[in-house]
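So the structure is just underneath, and the comments pick up after that.
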Amino acid sequence: MLDIKRIRNDFEATKERLGTRGVAAEELDHLKALDENRRELIQKSEHLKKHRNEVSADIAEKKRNKEDAQDAIAAMKKVGAEIKAIDADLELLEEQVNAVAAGLPNLPHPSIPVGADEESNIEVRKWGKPTEFDFEPQPHWDLGTSLGILDFERGAKVARSRFLFYRGLGARLERALYNFMLDLHITEHDYEEIIPPYLANDDALYGTGQFPKFKEDVFQIKNQPLTLIPTAEVPLTNFYQNEILEEKDLPKYFTALSPSFRSEAGSAGRDTRGLIRLHQFNKVEMVKFAKPEDSYDELEKMTNNAEDILQKLGLPYRVILLSTGDTGFAAAKTYDLEVWIPAQNTYREISSCSNTEDFQARRAMIRYRKESDGKVDYLHTLNGSGLAVGRTVAALMENYQQKDGSIKIPEVLVPYMGGVKEIRRT
RNA sequence: GGAGAAUUGUCCGAGUGGCUUAAGGAGCACGCUUGGAAAGCGUGUAUACGGUUUUCCGUAUCGAGGGUUCGAAUCCCUCAUUCUCCUCCA
């Protein structure tokens, strides 16, 4: 949520910046008109309420003195009705203001490239070189199926397409990876380990920005006000929903493994095979609560934390700075990490690290009390994947495949695999 | 799932329709007092929105949302959470 006062006071500049994210100018003009209307009604209503409070005090006084107050009561009856009518209009208007305001994306950070889509993204850096093979590398779904460690057919049978069973060393590999990731974050990167709820209510989803605009992207529980989380960012960020933190306690770092459930509406036909695009996948998430002045340093650190995992696993990747048009709804600035996927001969997103500044904090009412003057202000929230586990399995299988279709296990994972050094057909 | 109790400010806690503008206490901040400290005394101590602007003024907020009333912390309804007991269960 953007600050309505900021939109009001810096109207033209805000309009222009949101324009780079595809927000129509008319939408802001509409918002401005609604806001002016709203403030007018607030003043009307509050004047009447002031009047009512004063007269009510008089009535109380008269009653105590056993005097007659019928005239005043009759007059206030009318005023009461008037207030009710104005407040009803006001409520309607506020709903409209909120509906427009809640649908506006975050303001893009000045450092990010302006552009309509991913064409304008910038490659910031690259680590490693695309893996070279002296044979034709297989896609991970073929490797996984022939090794008997990934079973997509039965996943579709039991749930539907885009679900799978991991079996045997496949399941173990997934578990090894997320344990490795969590251990790294809690021992070397100072995150606190969390196990969050995997269902969240509407307030939480509103807080992080999924609701009201992106309801189609999630699975909601029938007859319950609960939704399967599309990312652990939702419960982790909302951990401090409606709370005021002390400045000395910032920054706070949380990490959690969770399944992520996504309906993938509108992506029919894209990445239909393999582990790249599923309705349910595991992800280790990182979330930070930071002071505004530190949040961009924290974003760099968080991105490095995610990179650290890829480096230790020896997976080649590049870091992409997203353009205004490609940046997600809640984010002011986002780095994507893209890992090399040999069979597709391309880099694919495996992590996304964002600073949402006070956009989510404003929605979820997460604030902190400043040491200097004791005043309360919104803090900044950040989130990043560290990493998407399923896609890491895919990248690892493809980059570490050997000519005979077996898969080598990287050094750092061997202890997590109980000493297993490679996965081969038995 | 069933029965009962509770939810008031940073914390404790009073408050069953109007002298409550939420008593009282604790904590915290500042000041007075002191050689210094403690005690004591005094002053202050929320958030949001609107108006004004570097001061103020107003409105709202007593778990959340509705209702009754000229007027609600207080009465009514719905919901949430917590606790106790029963039931069930990993």
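Small disclaimer: the values here were computed from a predicted structure and weren't measured. So you know, we letter chains A, B, ... as the sequences are listed, proteins then strands, and number each from 1.
The side chain of A/Arg367 lies closest to B/rA48 when the candidates are B/rA48, B/rC70, B/rG50. Looking at the side chain of A/Ala60, the nearest of the listed nucleotides B/rC70, B/rG18, B/rG50 is B/rG18. In the set B/rG51, B/rG18, B/rU47, the nucleotide with an atom closest to the side chain of A/Arg39 is B/rG51. Considering only side-chain atoms of A/Lys84, the nucleotide from B/rU68, B/rA46, B/rC70 that sits closest is B/rU68. Here the nucleotide nearest the side chain of A/Lys50, chosen from B/rG50, B/rU59, B/rC70, is B/rU59.
Taking the six-membered ring where tryptophan is involved, the planes of A/Phe163 and A/His279 are tilted, since the angle between them lies from 30° to 60°. Using bins of under 30°, 30° to 60° and over 60° for the plane-to-plane angle, the ring pair A/Tyr191/A/Tyr253 lands in the tilted bin.
A/Lys5 comes within 4.0 angstrom of the backbone, heavy atoms only, and of no base. Contact annotation for A/Lys49: backbone-only contact, meaning every heavy-atom pair under 4.0 Å involves sugar-phosphate atoms and none involves a base. As judged by a 4.0 angstrom heavy-atom cut-off over every strand, A/Lys62 is placed among residues making no nucleic acid contact. Among the heavy atoms of the strands lying under 4.0 Å from A/Val376 are primed sugar atoms or P, OP1, OP2 only; no base atom is included.
Here the C1' atom of nucleotide B/rA60 and the NE2 atom of A/His47 are 15 Å apart, to the nearest Å. Distance A/Arg52 CZ to B/rU59 P: 10 Å, rounded to the nearest Å. A/Lys63 has its NZ atom 12 Å from the P atom of B/rG18, to the nearest Å. Spacing between atom CG of A/Asp87 and atom P of B/rU61 amounts to 11 Å, rounded to whole angstrom units. Residue A/Asn53 contributes atom CG, which lies 16 Å from atom P of B/rU20 at whole-angstrom precision. For A/Asp68 and B/rG18, the CG to C1' distance is 16 Å, given to the nearest whole Å.
With both pairing distances under 3.5 Å, B/rG58 is matched to B/rC49 as a Watson-Crick or G-U wobble pair. Remark: B/rC88 base-pairs with no nucleotide; criterion is Watson-Crick or G-U wobble with both hydrogen-bond distances under 3.5 Å. With a 3.5 Å ceiling on both atom-pair distances, the Watson-Crick or G-U wobble partner of B/rG15 is B/rU8. Across every strand in view, B/rG42 sits in a pair with B/rC30 that passes the Watson-Crick or G-U test at under 3.5 angstrom.
Using modelled atom types and a 3.5 Å distance limit, the side chains of A/Tyr368 and A/Glu247 yield no donor-acceptor pair.
The side-chain heavy atoms of A/Leu173 and A/Leu413, taken from C-beta on, include a pair separated by under 4.5 Å.
Between A/Lys248 and A/Glu246 there is no salt bridge, since no side-chain N of the basic residue sits under 4.0 Å from a carboxylate O of the acidic one.
On a pure distance criterion of 3.5 Å, a polar donor-acceptor pair joins the side chain of A/Glu46 and the base of B/rG58.
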